[in-house]
K.L.:
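I have a structure here, written as structure tokens, and I will follow up with some questions on it.
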There are 2 protein chains.
Amino acid sequence: MPVQTNQSLSVDCAVFGFDGESLKALLIERPTYNALDRLKLPGSMILENETLPEAAYRVLEEATGLRKRDLYLKQMEIFSDPNRVSGDELEWINRKHGIRTVRVVTVGFYALLKLDRRTTDYTSSKGARWVTVDVIQRLAMDHKEILSTALGHLCREMQQSPVAFELLPKKFTIRALQRLFEAALGIEIDNRNFRKKMLSSGFLHATGEKEQGVAHKPAEYYTFDRSAYRRAVKDKLRMNWV
Amino acid sequence: MPVQTNQSLSVDCAVFGFDGESLKALLIERPTYNALDRLKLPGSMILENETLPEAAYRVLEEATGLRKRDLYLKQMEIFSDPNRVSGDELEWINRKHGIRTVRVVTVGFYALLKLDRRTTDYTSSKGARWVTVDVIQRLAMDHKEILSTALGHLCREMQQSPVAFELLPKKFTIRALQRLFEAALGIEIDNRNFRKKMLSSGFLHATGEKEQGVAHKPAEYYTFDRSAYRRAVKDKLRMNWV
DNA sequence: TTTTGTTTGTGTACGTTATACGCTAACAAA
DNA sequence: TTTGTTAGCGTATAACGTACACAAACAAAA
């Protein structure tokens with residue numbers, strides 16, 4: 001078998017946001033397509049002299065209006081099935097870019113951002129939609145598979161490092177933090193033990209501000225103390241599989 | 001900037017083995033090169049109609065004689081610096097394959113295998129060398145970076161899942177298991193607590209066989225009970241960053 | 001034959017962390 | 001005033017991590 005030539009490399013990003021209740025993914029709508037293939041993940045071909053992370057940040061800025069410093073980006077895996085893009089989709093790509101590629105290998109990224117009014121306004125002006133992840137049934141090409149993979153990566157990483165805070169506003173209640181874990185991991189957590197664990201970590205900083213206008217005891221707002229976390233870098237040996 | 005064309009995709013594999021004392025990586029020797037660029041990781045261009053994992057398994061079988069079922073393979077990250085391969089190295093590749101690529105993006109894999117006599121015989125007949133990882137100073141192109149990245153992935157994964165057993169023979173002593181953790185993670189572990197932890201997991205099965213001819217109390221051989229591990233799939237919520 | 005060095009393997013003690021759950025406080029809305 | 005809801009504190013107990021004492025088993029040296 002000869003060495004593959006005339007191939008293209010692309011990036012596709014699963015972009016996650018959290019609205020306080022459920023985990024959402026950002027989907028791009030392609031109006032000319034039929035219902036089944038209408039929605040896809042934000043993505044792009046890689047350009048000359050551009051690394052993959054650079055391409056991903058370019059895609060994300062175009063889709064969300066947010067720049068590198070407001071995004072958490074992580075490379076996950078590569079989707080290299082020789083036929084993952086073929087037929088109409090391959091033609092669409094070749095026509096769009098004026099190239100003649102026979103194969104598109106894509107690198108999956110996932111991104112986390114803080115969903116606020118400005119961002120949702122921007123995305124909807126671009127014809128993109130935030131969809132609750134558990135109701136997403138099907139996407140164009142193999143993008144559903146990429147999204148599922150990203151969700152798996154997110155769940156694992158949320159338990160290994162404090163990425164959850166990338167999805168929350170600067171100030172958040174412990175309730176919001178808990179709901180995020182519950183929504184992403186699909187579990188229920190005891191509020192009292194969760195609160196105890198989070199506060200005892202020393203990474204949460206009480207702001208003194210409280211919720212207003214809620215029909216229950218108002219909760220205090222906290223911020224994530226990143227420098228305290230870094231100071232406590234735990235290089236403890238923990239065999240988490242035992 | 002135009003879409004990148006004339007690019008190539010390759011796989012490079014960091015292959016790890018353990019000889020009971022130290023962690024080794026498999027390096028390919030290129031006789032015609034000078035000392036600095038002489039050693040590289042096993043790797044290859046991707047062929048037509050071949051996925052990346054398929055390409056990696058092909059490379060590994062060529063380098064070690066081992067097939068898919070005897071290897072543990074994992075994709076890690078992608079190295080996409082536009083200039084990671086240029087000049088002489090790029091010419092070498094183009095000449096070797098009769099192509100005219102301007103850019104080579106590589107996907108880093110790491111592989112684990114059980115180092116035995118048969119495998120070392122095979123690799124040395126292929127002009128490859130097993131080198132203790134901490135003495136590797138420099139490799140061709142960016143392969144040193146790929147190897148370091150792989151080592152990081154291995155260390156992390158060894159603490160998250162029982163991959164250590166992929167590096168040990170079917171029957172091993174607890175001492176060997178401990179030495180592997182010590183060598184890979186660069187730490188010292190209390191033998192008594194380590195033994196307790198491992199045995200209490202229920203994943204080790206005592207064979208009844210003992211070491212022979214050793215100048216100390218002979219240790220029992222154990223096997224890893226993979227099915228017991230799978231049965232105990234711990235989907236426990238553990239926030240390891242707290 | 002005895003001693004020495006080395007590693008296996010058992011056991012104990014103690015502090016930390018996880019988990020289950022009772023209870024009061026504070027708010028809006030009924 | 002009552003009701004529903006969530007915040008936030010506390011307590012008991014089991015599970016786990018860590019430090020370390022010590023006997024047993026072997027080969028090789030004395």
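No hydrogens, no waters, no symmetry mates; every other heavy atom, side chains included, goes into these values. First the proteins, then the strands, lettered A, B, ... as listed; each starts at 1. Model, not experiment: these values are computed from the prediction.
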K.L.:
Between C:dT7 atom P and B:E220 atom CD, what is the distance in whole Å?
P.N.:
19 Å
K.L.:
How many Å lie between CD1 on A:I189 and C1' on D:dA7, as a whole number?
P.N.:
16 Å
K.L.:
C:dG9, C:dT19, D:dG8: which one has an atom nearest the side-chain heavy atoms of A:K197?
P.N.:
C:dT19
K.L.:
List for me each residue that meets side chain to side chain donor-acceptor pair (under 3.5 Å) alongside A:R118, sequence neighbours excluded, and say none if there are none.
P.N.:
none
K.L.:
Could you check A:P218 against B:G213 and say which one's nearest nucleotide on DNA chain D is further toward the 5' end?
P.N.:
A:P218
K.L.:
For A:F172, give me all partners under ring-ring contact (aromatic ring centres under 6.0 Å, His included), at least two apart in sequence or on another chain.
P.N.:
A:F165
K.L.:
Rounded to whole angstroms, how far apart are OH on B:Y221 and C1' on C:dT8?
P.N.:
13 Å
K.L.:
Sequence neighbours excluded and cut-off under 3.5 Å, please list the side-chain donor-acceptor pairs for residues 125-133 of chain B, or say none.
P.N.:
{"residue": "B:S125", "atom": "OG", "partner": "B:Y122", "partner atom": "O", "Å": "2.7"}
{"residue": "B:W130", "atom": "NE1", "partner": "B:T123", "partner atom": "OG1", "Å": "3.1"}
{"residue": "B:T132", "atom": "OG1", "partner": "B:K24", "partner atom": "NZ", "Å": "3.1"}

K.L.:
Holding to side chain to side chain donor-acceptor pair (under 3.5 Å), I want the full list of residues that pass it with B:D134, two or more places apart in sequence or in another chain.
P.N.:
none
K.L.:
Rounded to whole Å, how long is the line connecting atom CD of A:E188 with atom P of C:dC21?
P.N.:
14 Å
K.L.:
According to the salt bridge (Lys or Arg N to Asp or Glu O under 4.0 Å) rule, which pairs have a member within residues 157-181 of chain B, sequence neighbours left out?
P.N.:
B:E21-B:R179, B:K74-B:E157, B:E166-B:R226, B:K171-B:E209, B:R179-B:E182
K.L.:
Suppose we screen for side chain to side chain contact (heavy atoms under 4.5 Å, CB included). Which residues come up paired with B:R195, at least two apart in sequence or across chains?
P.N.:
B:I174, B:N191, B:L199
K.L.:
Using atom CD1 of B:I174 as one end and atom C1' of C:dT6 as the other, report the distance to the nearest whole Å.
P.N.:
17 Å
K.L.:
For B:Y57, which residues count as a ring-ring contact (aromatic ring centres under 6.0 Å, His included) partner, sequence neighbours excluded?
P.N.:
none
K.L.:
Rounded to the Å, how far apart are B:R175 CZ and C:dT7 P?
P.N.:
6 Å
K.L.:
Under 4.0 Å between any heavy atoms, over every strand shown, what does A:E211 touch: base, sugar-phosphate, or nothing? Just pick one.
P.N.:
nothing
K.L.:
Identify whether the distance between the nearest side-chain nitrogen and carboxylate oxygen of B:R192 and B:D190 falls below 4.0 Å.
P.N.:
yes
K.L.:
So, B:D142 side chain and B:E145 main chain: donor-acceptor pair closer than 3.5 Å or not?
P.N.:
no
K.L.:
What N/O pairs connect the protein and nucleotides 1-5 of chain C at under 3.5 Å? Give each pair on its own line.
P.N.:
{"residue": "C:dG5", "atom": "N2", "partner": "B:A215", "partner atom": "O", "Å": "2.7"}

K.L.:
Take atom CG of A:D190 and atom P of D:dT6, then tell me their distance rounded to the nearest Å.
P.N.:
14 Å
K.L.:
Just the table, please: protein N/O against nucleotides 11-16 of chain C N/O, every pair under 3.5 Å.
P.N.:
{"residue": "C:dT12", "atom": "O4", "partner": "B:K196", "partner atom": "NZ", "Å": "3.0"}

K.L.:
Could you state the CG-P distance from B:N191 to D:dA21, rounded to the nearest angstrom?
P.N.:
15 Å
